[in-house]
Amino acid sequence: MIRGKDLINIGFPEGRFVGLALKLIRPVQKKLDDDAILAELSAVLKSPADQTAHPHFSALAEAILEKQNAPRFTPRESPAPYKIWGEGLEAGAIDQMRHAANLPVAV
């Protein structure tokens with residue numbers, strides 16, 4: 001039985017792709033053994049563009065490609081101006097505002 005830890009060991013990043021792969025593995029386990037499945041998933045991870053027609057893992061290949069082709073975040077040259085009202089605010093809240101002011105959509 002393949003677990004998320006097994007997928008991470010072959011190079012999957014923790015998170016969304018592990019969950020999707022585990023979901024797609026279930027019906028395949030009736031046809032292939034664990035070693036064959038891990039080999040197939042490794043091929044999808046290494047070259048998702050070549051695996052978009054894969055009979056079992058095409059959705060995973062497409063999700064990986066979508067992530068790779070997503071627009072990259074480019075911070076503003078300088079943060080958008082903002083004011084802080086209040087005292088004794090949590091450091092995390094101030095950090096969150098500082099990060100939000102660096103978003104390209106911040107005005």
Side-chain angles (χ1 to χ4, degrees):
M1 179 173 182
I2 298 174
R3 301 182 193 284
K5 186 177 185 179
D6 300 317
L7 299 176
I8 293 167
N9 287 341
I10 65 168
F12 275 81
E14 290 186 40
R16 173 181 152 196
F17 298 127
V18 170
L20 178 57
L22 289 172
K23 179 181 171 186
L24 295 172
I25 286 170
R26 287 186 193 112
V28 179
Q29 287 178 318
K30 297 175 184 174
K31 300 173 185 175
L32 301 174
D33 65 20
D34 288 356
D35 290 336
I37 292 171
L38 289 173
E40 295 286 324
L41 288 171
S42 183
V44 170
L45 187 60
K46 284 183 183 176
S47 184
D50 295 335
Q51 302 295 328
T52 57
H54 192 283
H56 307 295
F57 302 118
S58 61
L60 179 61
E62 290 172 8
I64 293 170
L65 284 173
E66 183 180 306
K67 171 77 172 172
Q68 289 176 350
N69 295 328
R72 303 282 184 228
F73 167 73
T74 305
R76 295 169 50 103
E77 288 183 23
S78 61
Y82 63 94
K83 294 182 181 181
I84 297 176
W85 290 274
E87 296 176 14
L89 301 171
E90 292 182 23
I94 294 171
D95 286 342
Q96 189 174 22
M97 187 64 198
R98 188 175 301 120
H99 291 297
N102 281 309
L103 293 172
V105 296
V107 291

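Predicted model, so just to flag it, every value in this text is computed and none were measured.
Counting non-hydrogen atoms of other residues, nucleotides and ligands closer than 6.0 Å to CD of Q68 gives a total above 12.
Using a 4.0 Å cut-off between charged nitrogen and carboxylate oxygen, R98 and D95 count as a salt-bridge pair.
Of all heavy-atom pairs between A100 and A106, the closest is O-CB, 3.4 Å. Between S58 and T52 the shortest heavy-atom distance is CB-O, 3.1 Å. Among all heavy-atom pairs drawn from R16 and A63, the shortest one is NH2-CB, 3.6 Å. In plain terms, the two heavy atoms of W85 and L89 that are nearest each other are O-CD1, 3.9 Å.
Remark: R3 CZ to N9 CG distance equals 12.5 Å, nearest 0.5 Å. Put simply, CE on M1 and CD on Q29 are 6.5 Å apart, with the number rounded to the nearest 0.5 Å. Between the CE atom in M97 and the NZ atom in K83 there is a gap of 12.0 Å [rounded to 0.5 Å].
Here L60 is tied into one hydrophobic group with I2, L7, I8, I10, F12, F17, V18, L20, L22, L24, I25, V28, L32, I37, L38, L41, V44, L45, F57, I64, each link being a pair of ILVMFWY side chains closer than 4.5 Å.
The side-chain heavy atoms of H54 and E40, taken from C-beta on, include a pair separated by under 4.5 Å.
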